[in-house]
Amino acid sequence: MVPTLGRPSLRACLHALAEAAGPGPVRVVLVDDRPDPGRPPLTADVPPSLRSRTIVVPGGARGPAAARNLGWRAAGDVQWIVFLDDDVVPGPTWGDDLTLDLAAAADRTAGIAARIEVPLPADRRPTDWERNTAGLATARWITADMACRRAALAAVGGFDERFRRAFREDADLALRMIDAGWTLTEGRRTTTHPVRPAGRWISVRLQAGNADDVLMTRLHGRHWWRRAGAPRGRLPAHLAVTGAGVTALGCALLGRHRPAWACATAWLAGTAELALARILPGPRTRDEVLTMALTSAFVPPAATWHWLRGRLAHRTARPHAPFATAEPAPPPRPAVRERLRS
């Protein structure tokens with residue numbers, strides 16, 4: 001089951017899936033989550049050997065959590081659903097390894113994660129964005145390649161569609177499965193997650209995830225980080241640096257120059273510390289240093305803004321109730337499926 005925005009990487013993903021040694025999938029479900037209604041069909045991206053087994057479901061551009069829910073419900077009466085992102089490349093023995101992973105699953109095994117490999121440059125230190133992507137290799141329960149038991153998905157109600165980005169929806173699902181008495185394990189199959197191209201301001205855009213972290217705290221409590229094995233991040237420091245900057249501006253406008261200078265110095269020190277923390281492990285090229293210097297001034301206020309936005313948006317979210325077992329009702333309109341023919 002592959003949710004997709006129609007990125008060029010989809011072709012590489014599906015062709016690697018078709019060419020992998022071992023049993024192939026019974027069915028391939030592509031959830032087309034592109035917002036453009038006039039988009040070209042995905043037929044060209046599907047290799048001929050998979051076309052008779054592939055169906056396309058329109059996703060409605062509601063994010064990967066909603067797309068995955070549409071996909072696993074459209075997959076039919078199968079025991080296991082394997083979620084793949086459209087920018088990963090299954091390994092050459094993926095089919096055989098997946099078969100062994102599923103055969104080793106216990107009765108209460110809800111999910112089996114693949115081993116994710118992120119190729120990094122061998123001739124230089126990785127950039128900040130490359131290091132960020134490399135973190136996927138050690139992330140727990142990542143749905144870039146995750147086999148999930150359909151009964152477990154139904155028992156916990158699938159993915160929480162309030163997670164509109166590809167962030168934290170996998171950790172939320174895993175914690176709910178564990179609370180319902182299921183277990184999750186790591187398998188033997190290997191999938192590659194290449195570092196996709198990204199613009200200069202990607203680190204600023206990624207701060208939107210702070211709103212998702214607010215939702216995770218509402219649902220799973222303050223210590224969900226430890227249970228999920230997720231890094232805590234730098235939000236407290238970002239809030240402090242942003243507070244210093246805002247206070248400096250306020251004091252300057254009020255003519256209180258001494259506290260304004262003190263707060264401005266604290267803001268500058270915090271910004272410089274963040275920039276150095278990102279520059280020193282990297283390649284230290286001119287472009288990378290410039291990017292880190294520029295974005296380090298914007299990352300703290302962006303993180304603060306999205307944290308405040310999340311506090312407002314999710315203020316009424318209730319804590320997750322363990323052992324909930326009802327599968328939510330499907331969307332009002334039935335999913336329209338397009339079956340591909342070779």
Side-chain angles (χ1 to χ4, degrees), residues 3 33 35 59-70 132 135 139-143 153 155-180 201-250 263 267 270 274 295 297-332:
D33 212 33
R62 294 184 293 127
R68 291 191 183 103
N69 280 341
L70 282 172
N132 181 282
R140 298 176 66 184
W141 311 315
I142 182 172
T143 45
L153 286 167
V156 301
F159 290 87
D160 189 329
E161 298 183 9
R162 287 173 291 185
F163 292 95
R164 299 295 296 268
R165 303 171 61 253
F167 191 67
R168 302 303 189 205
E169 83 289 354
D170 45 9
D172 167 73
L173 177 68
L175 291 180
R176 287 189 286 117
M177 285 179 166
I178 291 172
D179 286 342
W201 300 98
I202 181 63
S203 59
V204 178
R205 295 197 299 272
L206 288 178
Q207 300 311 309
N210 285 283
D212 301 308
D213 286 344
V214 171
L215 179 56
M216 286 292 291
T217 301
R218 295 285 191 190
L219 297 176
H220 301 285
R222 294 176 56 191
H223 302 298
W224 71 267
W225 307 87
R226 299 174 189 172
R227 294 184 61 209
R232 182 64 180 88
R234 296 179 61 108
L235 178 63
H238 291 334
L239 295 177
V241 170
T242 303
V246 171
T247 304
L249 288 174
C263 290
W267 172 84
L274 174 61
T295 57
F298 290 93
V299 163
T304 302
W305 163 254
H306 287 294
W307 177 75
L308 291 172
R309 178 177 62 83
R311 299 270 296 185
L312 178 63
H314 304 304
R315 65 189 183 280
T316 60
R318 298 194 175 196
H320 161 64
F323 310 115
T325 58
E327 180 177 353

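Nothing fancy with the numbering, it's 1 onward along the sequence.
In this structure, CZ on Arg68 lies 3.5 Å from OG1 on Thr143, to the nearest 0.5 angstrom. Within the model, atoms NE2 of His238 and CG of Asn210 stand 7.0 Å from one another, a figure rounded to the nearest 0.5 Å. Interatomic distance, CG of Leu239 versus OG1 of Thr304, reported as 4.5 Å (0.5 Å rounding). Rounding to the nearest 0.5 Å gives a distance of 9.5 Å between CE of Met216 and CZ of Phe167. Once rounded to the nearest 0.5 Å, the distance linking CG of Leu173 with CG of Leu153 reads 6.0 Å.
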Quick one: do Glu169 and Arg162 satisfy salt bridge (Lys or Arg N to Asp or Glu O under 4.0 Å)? Show the steps, please.
CA-CA 9 Å; Glu169 83 289 354; Arg162 287 173 291 185; over 6 Å; no
What's the verdict on side chain to side chain contact (heavy atoms under 4.5 Å, CB included) for Trp141 and Ile178, showing C-alpha distance, side-chain angles and the deciding distance?
CA-CA 11 Å; Trp141 311 315; Ile178 291 172; 3.7 Å; yes
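Side-chain contact between Leu215 and Arg168 is absent, with no heavy atoms from C-beta onward closer than 4.5 Å. Annotation: side chain of Arg234 is not in contact with side chain of Val299 (no heavy-atom distance under 4.5 Å). Arg318 is not listed as a side-chain neighbour of Leu219, based on a closest heavy-atom distance of 4.5 Å or more. No side-chain heavy atom of Arg218 sits less than 4.5 Å from a side-chain heavy atom of Asp213. Within the 4.5 Å cutoff, side-chain heavy atoms of Leu206 are placed close to those of Asn132. When side chains are defined from C-beta on, Asp170 does not count as touching Phe163, because their heavy atoms never get closer than 4.5 Å. Looking at Leu274 and Val241, their side chains never come closer than 4.5 Å, going by heavy atoms from C-beta outward.
Shown here are the side chain to side chain contact (heavy atoms under 4.5 Å, CB included) partners of Arg226, two or more places apart in sequence or in another chain: His223. Residues passing the side chain to side chain donor-acceptor pair (under 3.5 Å) test with Glu161 are Arg62, Asn69, sequence neighbours excluded.
Proximity of a side-chain donor or acceptor of Thr247 to a complementary backbone N or O of Cys263 within less than 3.5 Å is not detected. The backbone N or O of Ala61 lies less than 3.5 Å from a partner atom in the side chain of Asp33, making a donor-acceptor pair. Panel note: side chain Arg176, backbone Gly158; a donor-acceptor pair is recorded below 3.5 Å.
Using the six-membered ring where Trp is involved, His320 and His220 have ring planes that are tilted, between 30° and 60° apart.
The two atoms that bring Arg227 and Asp179 nearest to each other are NH2-OD1, 2.8 Å, heavy atoms only. Scanning both residues, Ala228 and Leu175, for their nearest heavy atoms gives N-CD2, 4.3 Å. Counting all heavy atoms, side chain and backbone alike, Leu235 lies closest to Ala303 at CD1-O, 4.3 Å. Residues Trp224 and Ala230 share a closest heavy-atom pair of CZ3-CB, 4.0 Å. Shortest non-hydrogen contact noted between Trp267 and Ala297 is CZ2-CB, 4.5 Å. In plain terms, the two heavy atoms of Val214 and Trp307 that are nearest each other are CG2-CD1, 3.5 Å.
Shown here is Trp225, whose CH2 atom has more than 12 heavy atoms of other residues, nucleotides or ligands within 6.0 Å. In this structure, Arg232 places its CZ atom where more than 12 heavy-atom neighbours from other residues, nucleotides or ligands lie under 6.0 Å away.
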